[in-house]
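Everything numeric in this text was worked out from a predicted model, so none of it was measured. In what follows, every chain begins at residue 1, and chains take the letters A, B, ... in the order their sequences are listed. Every heavy atom of this structure was used, including side-chain atoms; hydrogens, water molecules and symmetry mates were not.
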2 protein chains.
Amino acid sequence: MSRKNESTRNRILKSAWTLLEKGEGPVRMSDIAKAAKISRQALYLHFPNRADLLIAVTRHLDEVHDVEARLAESRMAPSGVKRLQAWIAAWGDYIPQIHGVARALMAMRDHDAEARAAWEGRMAAMREGCAAAVAALEADGDLREGLSPVEATDLLWSLLSVRVWEQLRLDCGWPQERYIAVTQETARRALVGG
Amino acid sequence: MSRKNESTRNRILKSAWTLLEKGEGPVRMSDIAKAAKISRQALYLHFPNRADLLIAVTRHLDEVHDVEARLAESRMAPSGVKRLQAWIAAWGDYIPQIHGVARALMAMRDHDAEARAAWEGRMAAMREGCAAAVAALEADGDLREGLSPVEATDLLWSLLSVRVWEQLRLDCGWPQERYIAVTQETARRALVGG
DNA sequence: AGATTACTTTACACCATGTCAAGTTGACGG
DNA sequence: CCGTCAACTTGACATGGTGTAAAGTAATCT
């Protein structure tokens with residue numbers, strides 16, 4: 001527990017999240033400070049740099065939205081296929097909420113090693129959800145022939161990437177439910193054999 | 001035709017391309033200048049800014065690799081399905097060569113309106129290839145039910161995005177042929193009915 | 001009263017892009 | 001042989017965002 005004011009820290013995280021989610025151009029440290037009603041320098045009393053702040057925002061979001069609970073739901077599905085569908089719905093509905101931060105972190109990936117590591121860590125965690133769904137498919141003997149479990153996981157992971165969501169949802173203008181439905185059907189056809 | 005030395009211009013483009021394709025961290029204007037053996041300022045005698053330089057690199061690549069010829073090939077396929085496969089192979093094999101520039105342009109998209117417009121233009125052109133393949137499928141009556149032609153195009157477009165290639169090829173370490181093969185099969189299953 | 005915490009304000013270093021102005025060099029025409 | 005022009009070089013500088021440093025202030029705890 002930090003000795004710094006906890007409410008200020010939360011205000012920063014919330015302000016940063018709000019700004020990032022609005023998606024109105026690049027969000028600078030000074031923008032976040034202004035939104036949180038503190039000086040730009042005070043940000044550095046709470047977070048050593050921009051990357052750390054962004055990472056803290058994602059962790060904060062995980063807490064607020066209780067990611068664990070969402071994932072637990074998909075783990076209870078009765079069959080591999082059902083589990084796949086539940087996983088896609090759970091993750092697919094979470095993307096919109098982390099999208100702003102995700103964008104910012106991805107943009108930093110090139111210059112900032114820490115940002116890259118953080119983002120890769122989160123994506124690795126997401127990949128485990130994909131692996132679990134694929135494993136459930138395989139246990140049912142439903143995994144398509146000609147695709148190894150690892151490859152199937154890679155494929156599902158790519159299909160569920162934030163970039164693909166961005167493209168279909170924002171560039172192509174698909175409604176969220178349509179994105180979920182088509183992605184579920186696409187994944188089923190791509191991964192399930194028979 | 002510019003009055004500036006044409007060979008210098010080509011040397012710049014080639015140097016920029018080489019550096020970008022190596023993918024060793026961010027490529028600065030000074031890096032490109034050094035590689036082309038001119039001063040950083042001389043770059044600005046040939047290109048008004050970084051975005052324009054990058055765009056020129058893509059156009060240069062199109063010329064060098066004769067993109068039109070590649071596309072013409074896929075247009076001659078006898079059936080919709082064959083055409084889809086040919087298109088995926090053609091574009092999928094082109095991605096590795098434009099990947100470096102693509103990355104750089106995508107990274108600029110957020111701050112630079114010109115870079116964004118340029119990239120979107122190129123992606124719109126690529127999308128036409130997807131639309132043509134989908135139209136060929138539909139003409140054969142092979143388009144999956146429950147998916148409009150526009151949606152099918154969007155889906156194929158996303159599946160063939162540079163980001164997905166990056167993820168499978170670089171993050172997951174797939175060989176290029178495997179990327180092509182699995183993408184072809186995935187697209188077939190996702191788009192073709194029956 | 002004194003110390004500590006959580007800030008503020010001001011100033012500055014760094015780095016990449018892009019601008020500006022004053023050279024230098026080599027080729028070509030008269 | 002001289003002048004001119006095109007293609008470059010060198011050096012200085014503005015801008016914008018990140019991050020560092022230091023001194024000051026106001027409230028709170030003991």
Single-linkage hydrophobic cluster, 4.5 Å side-chain cutoff, B:Ile98 and B:Ile32 together:
yes

Take the protein atom NZ of B:Lys34 and the nucleotide atom C1' of D:dT10, then report the distance between them rounded to whole Å.
17 Å

Could you state whether B:Val64 and B:Leu53 fall into the same hydrophobic cluster, counting links through intermediate Ile, Leu, Val, Met, Phe, Trp or Tyr residues with side-chain heavy atoms under 4.5 angstrom apart?
no

Which atom pairs, donor and acceptor, lie under 3.5 Å between side-chain atoms of residues 130-149 of chain B and protein residues at least two apart or in another chain?
| from | atom 1 | to | atom 2 | distance (Å) |
| --- | --- | --- | --- | --- |
| B:Asp140 | OD2 | B:Gly80 | N | 2.6 |
| B:Arg144 | NH1 | B:Ala190 | O | 3.1 |
| B:Ser148 | OG | B:Glu151 | N | 3.1 |

Here the residues of residues 15-24 of chain B within 4.0 Å heavy-atom distance, strictly under, of DNA chain D are none

Find out whether the Lys NZ or Arg CZ of B:Arg169 is both under 6.0 angstrom from the six-membered ring centre of B:Trp174 and within 45° of the ring's axis.
no

Specify the separation, in whole Å, of atom CG of A:Leu43 and atom P of C:dT9.
13 Å

Can you tell me how far C1' of D:dG17 sits from CG of A:Leu53, to the nearest Å?
15 Å

Between P of C:dT8 and NZ of A:Lys37, the distance in whole Å:
13 Å

Could you check how far CD1 of A:Ile32 sits from C1' of D:dG19, rounded to whole Å?
14 Å

Whole angstrom value for the distance that separates C1' of D:dT9 from NE2 of B:His46:
12 Å

Atom CG of A:Leu45 and atom P of D:dT20: how far apart are they, to the nearest Å?
11 Å

Which residues pass the side-chain hydrogen bond (donor to acceptor under 3.5 Å, both in side chains) test with B:Tyr179, not counting sequence neighbours?
none

Take atom CZ of A:Phe47 and atom P of D:dT18, then tell me their distance rounded to the nearest Å.
15 Å

All side-chain hydrogen bond (donor to acceptor under 3.5 Å, both in side chains) counterparts of A:His99, not counting sequence neighbours:
A:Glu166

Could you work out, with side-chain hydrogen bond (donor to acceptor under 3.5 Å, both in side chains) as the rule, every residue matching B:Glu73, not counting sequence neighbours?
none

What I'd like to find out is whether the side chain of B:Met108 reaches to under 4.5 Å of the side chain of B:Trp119, using heavy atoms alone.
no

Each nucleotide in nucleotides 10-21 of chain C should get exactly one letter: B, S or -. Can you fill that in based on protein heavy atoms under 4.0 Å?
BB----SBBBB-

Hydrophobic cluster membership, with links at side-chain heavy-atom distances under 4.5 Å among I/L/V/M/F/W/Y: are A:Val150 and A:Leu156 in one?
no

